[in-house]
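Heads up, the thing below is written out as structure tokens.
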Number of protein chains: 2
Amino acid sequence: MPFPSTETPGRLQAELATRGVRMTRQRRAILEVIETADHHLDASQIQRWAQRIEPSVDRVTVYRTLSLLKRHGLVDELDLMHVGGEGHYYERVTGRNHLHVTCLNCGKVLEFETPHLDSIRREVECSCCFKVEVARLEIGGYCKECCGKQAQANG
Amino acid sequence: MPFPSTETPGRLQAELATRGVRMTRQRRAILEVIETADHHLDASQIQRWAQRIEPSVDRVTVYRTLSLLKRHGLVDELDLMHVGGEGHYYERVTGRNHLHVTCLNCGKVLEFETPHLDSIRREVECSCCFKVEVARLEIGGYCKECCGKQAQANG
DNA sequence: TTAAGTGCAAATATTTTGCTGTCAC
DNA sequence: GTGACAGCAAAATATTTGCACTTAA
């Protein structure tokens, strides 16, 4: 779903194969859901979609697979400012670093790319002597459509 | 705890008073803990410390007060990359925008200030026609001390 | 006085763990 | 064949809600 919205299908599966990770019907279903999703999904949504491909997929298997993918650096975990619950959302990691802008009113999520993000990454690596693995920038606020309504509601 | 580590005491209480929010013994205790904390605390740590000042402070009151403070934009909620559980950490909002750098191995948290963060904020406001309320940048990786150990463990 | 705030109990939501059986390689 | 993976049940963790009592203003 994220930046290059048309991702090579089967890429995640291939990636895991190279790393000697065993493939199962359940995992294949979960990977397919993550690759073809058109918006950010949480664990229970991933389960629901995966079950349409492979009905046996259990909640626990979803969590175990997500944890596997995180460990291998193949998916990122997002909060999206916790609009719509305390859970997490997941997206395929791509080369393109981007940030997530969430409307606190309507829940809409925009993705945004900027070279400043990489600058910060480099700054932290140099100034803090720190090996950066993940950089997650989430922004919350009000989108163009909701700004008017918000002003009304608070004013 | 956060950037200007010596914050004016009683500031949070005064801030709430101006906004016509009722003050109670329990809230005073919680506010004092947040203002004087020397590192990022989660809800249950806030409760434990607040109970030393006012033993009756309940878990629920902590959550309700945190939610109040968030609503008023007086504290920020952090994940710190979920090192050490799924809960959240809280810090007093100050004028100085900064980001949090968490070591995935030892859990150490560094705070870092950079003008790029404000640049991104402005970019999002202009390019996305978006009113930014919160910008949370969290970085995970390995600190100088843990880099060696990590290389060993994975290699 | 009274609306806002509190504690307690219980519900809800999310994620993890233990165990036993199954399947990919 | 065997070790990694699956499902199921249950635990652990984090946060929220309902309700009757209390208290700040």
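Computed over heavy atoms, backbone and side chain alike; hydrogens, waters and symmetry mates excluded. Numbered from 1 within each chain, the chains take letters A, B, ... in sequence-line order.
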For [X] and [N], give me the distance from atom [atom1] to atom [atom2], rounded to whole Å.
X: A:Gln13; N: C:dC25; atom1: CD; atom2: C1'; value: 15 Å
X: B:Leu68; N: D:dT16; atom1: CG; atom2: C1'; value: 16 Å
X: A:Arg71; N: C:dT15; atom1: CZ; atom2: P; value: 16 Å
X: B:Leu16; N: D:dA25; atom1: CG; atom2: C1'; value: 15 Å
X: B:Arg59; N: C:dC8; atom1: CZ; atom2: C1'; value: 9 Å
X: A:Asp42; N: C:dT14; atom1: CG; atom2: P; value: 7 Å
X: A:Asp58; N: C:dT20; atom1: CG; atom2: P; value: 18 Å
X: B:Gln47; N: D:dT13; atom1: CD; atom2: C1'; value: 14 Å

Would you say [X] reaches [N]'s phosphate, i.e. side-chain N/O to OP1/OP2 under 4.0 Å?
X: B:Tyr63; N: D:dT15; result: yes
X: B:Thr24; N: C:dT6; result: yes
X: A:Gln26; N: D:dG7; result: yes
X: B:His88; N: D:dA14; result: no

Checklist entry - Between A:Arg28 and A:Glu32, is there a side-chain N and carboxylate O pair less than 4.0 Å apart? => result no
Checklist entry - Which of parallel (below 30°), tilted (30 to 60°) and perpendicular (above 60°) describes B:His88 and A:His82? => result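 Correct class here is perpendicular.
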Next on the checklist: Main chain of A:His72, side chain of A:Arg19: is a donor-acceptor contact present, judged purely on distance under 3.5 Å?
Outcome noted: yes
Checklist entry - Can you check whether B:Leu137's main-chain N or O pairs, donor with acceptor, with A:Arg136's side chain at less than 3.5 Å? => result no
Checklist entry - Starting at the 5' end of DNA chain C and moving along, which residue's nearest nucleotide shows up first, A:Arg25 or B:Arg64? => result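 Nearest-nucleotide comparison on DNA chain C picks B:Arg64.
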Checklist entry - Where each residue is assigned the nucleotide of DNA chain C containing its nearest heavy atom, which of B:Ser56 and B:Arg22 is assigned the position nearer the 5′ end? => result B:Arg22
Checklist entry - For A:Tyr90 and A:Glu77, does a side-chain donor sit closer than 3.5 Å to a side-chain acceptor? => result yes
Next on the checklist: For a quick check of understanding: with a heavy-atom distance under 4.0 Å over all strands, which category does B:Arg27 fall into, base, sugar-phosphate or nothing?
Outcome noted: sugar-phosphate
Checklist outcome for this item: Comparing nearest nucleotides in DNA chain D, the 5'-proximal residue of the pair B:Ser67, A:Gly20 is A:Gly20
